[in-house]
Amino acid sequence: MNARDSSADDALYRTRHSLAHVLAQAVLDMRPGSTLGFGPPIADGFYYDFILTEPITEDDFPELEQRMRRILKKGQRFYREDLSVADAFTRLDEMQEPYKREYAAELVDKNGLPSLSFYRNGPFLDMCEGPHVDTTRDIPRDAFKLRSVAGAYWRGDADNVMMTRIYAWAFADKASLDAAVSAFELAQERDHKKLGRELDLFLIDDDVGRGLPLWLPNGTVIRDELEKLAVELEFKAGYERVATPHIAKADLYDRTGHLAHYKDSMYPPMEVIEESADGESVRETYMLRPMNCPHHHKIYASRLRSYRDLPLRLAEYGDVYRWEASGAVSGLARVRGMSMNDAHIYCTEDQIKDVFREVISQYDEAYRILGLNDYGIRLSRWDPDDPKGREKYVDAAEAWRRSERIITELLDEMGIDYEDAPGEAAFYGPKIDVQFHTVTGRDETVSTVQLDFAVPPRLGLTYIGPDGAEHTPYCVHRAPFSTHERFTAFLIEHFGGAFPTWLAPVQVQVLTVSAQFSAYAREIVDRLRANFVRAELASESDTVAKKIRDGTTRKIPNLLIVGEREVADRTVTLRRYGVKQQATMPLDAFEAALGKAIATRSLTFEL
RNA sequence: GCCGGAAUAGCUCAGCCAGGUAGAGCAACUGAUUCGUAAUCAGUAGGUCCGCGGUUCGACUCCGCGUUCCGGCACCA
């Protein structure tokens, strides 16, 4: 069911898959009359979906686990049985498993299977491909743990019934289970919502609205530093910055096609009525913009463009608003108002590959600076067979094939490994998504490069070619730093809140051993601040131990301790976050090293 | 949006199951302390127990509705 299942024969797969059956048996025992969905192994365990007669909550887990262990103890043997299609259907009807029955019919229809396999262990019977362990005694009783209960649509389709999914961890032995559970708990500590509160980075206030974060001073520093970096990288690559308003007339989004595809996830229209000079009232409809491209397109279209002007690169950290589904909104990761690291590159078809190369190398540079390397590339393509395709994609088969071919060739030429993802394209064209594996165990799209063949012609964008005739440019959309919101959420978790000096809200905190040294401490702070270092003086009335504890809790990267010795020698004692060993050095040397670490955006701070 | 769970001081949480109108630690504030490496001491203040309704002599506690958050699913230009 996913890529990880290729090792279908290995023992752990069989253990997890068999445990799913054991869970189902225990659930049916506890909730007789419930019906089954799917119950596959997954990366760290397994789940099983049910329609339950009575809800199950996490409070039921101890009892459920106990029932499972009892089943394991019994040593139920797994028996496989292959039934003809007709017999299989009859049996599924007898079992009163309508969802399994539906799936069986589809397997037979689509794949033309001549027979279907069933597995029985003890009283439990399930239509299933296998393989399984020999007996439930082969499964370690202390290497699984129920994790959570969740809702999930049957077959992943929101038009279907909602089932109850029970997730569990399962491993080959207790040590692996314990390791996975404690890794999970550790990851919870890095949750950006938790760290965002603890480090005073942002807040979300009900009176302002769901999904509309307010950036606090500390968080704003991170935003500003990221934006500064983005602007530098873009400047070097020949981008020109523009600034455009947060709203536009609804008609514009009608012409681009955004309304047709995304109306439901836009804030509703604002109607205004104005009186014109001749006394007529003129009604106009405005919308909060859900993306910046139409505004940039209008800048492109504001004058006649020659092929000599291309590629033309327009960049803006643009604020956009999207009516994200209530259940999707979460912290900074998914919001309704966001600031996007946007740019649109207008180019000819011949230039597409070069533009992509340039953008990809910019991504490499950005990731290198931030020390990000745990990611994969996904080629997000059109899916011509998608039953909902008419709503999801522009209808232009030839243009889809053409643009996808260009990008596929490019990826191959660059020797980039990618995951092919039909059905993940934007409505206006294919894209390359950078999928990060986050420390909290999720996969998420952080950056993206998109090839848009559809919107420029709709807005009548043209350039004059060498042949003297009008042509339509392509538009490449790119956002290496995603939105400030999502990217910061990602970085908070990546760094666990302990940002490198150049990104840290407070870069240096100076602590005195006692208040009698505060003149020197203040001098240091003033000197650093004069050089735009975010330095501050720690509270005077606390003990040294307390000040160190506070600075460490706030994850300030550099604590400077000054006392009698430092004042006498004009030195500072540097205590780096997470580094046991301190170093005492001349103030000048510290300033020079710090200045260099900040200027080069160093992750480590070499002394 | 859907399924399930939760909401008590700025934060972390106890009290609620068995109704009798709130408690701790940290943070904050005030004072004392001036200290060499992860919590100095004392005091003060801080709560429409998410909101609205219902049951009850009486509701933080029970019930209903709503809001927000969390875990997932769906969605993600």
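Just so we're on the same page: letters track the sequence lines, and every chain starts at 1. The figures here come from the full heavy-atom set of this structure, side chains too, leaving out hydrogens, waters and symmetry mates.
In this structure, of B:C35, B:A77, B:G1, it is B:C35 that holds the atom nearest to the side chain of A:Ser514. Of the listed nucleotides (B:G72, B:G4, B:U40), B:U40 has the atom at the smallest distance from the side chain of A:Asp542. In the set B:C69, B:C2, B:C75, B:C75 carries the atom at the smallest distance from any side-chain atom of A:Ala328. Closest approach to the A:Met162 side chain among B:G36, B:U40, B:C3 is made by B:C3 (side chain taken as heavy atoms from C-beta onward).
A:Trp154 approaches A:Gly37 most closely through the heavy-atom pair CZ3-CA, 3.7 Å.
Using Watson-Crick or G-U wobble geometry with both donor-acceptor distances under 3.5 Å, B:C17 finds no partner in any strand shown.
For A:Glu65 (side chain) and A:Leu146 (main-chain N/O), a donor-acceptor pair under 3.5 Å exists by modelled atom type.
The base of B:U37 is paired with the side chain of A:Gln582 by a donor and an acceptor separated by under 3.5 Å. Between the side chain of A:Arg575 and the base of B:U37 there is at least one donor-acceptor pair of N/O atoms closer than 3.5 Å.
The side chain of A:Arg289 places no N or O atom within less than 4.0 Å of a non-bridging phosphate oxygen (OP1 or OP2) of B:A77. Within the structure, a side-chain polar atom (N or O) of A:Tyr167 is placed less than 4.0 Å from OP1 or OP2 of B:C73.
Here A:Tyr262 packs flat against the base of B:A77; its ring centre is closer than 5.5 angstrom to the base's six-membered ring, tilted by less than 30 degrees.
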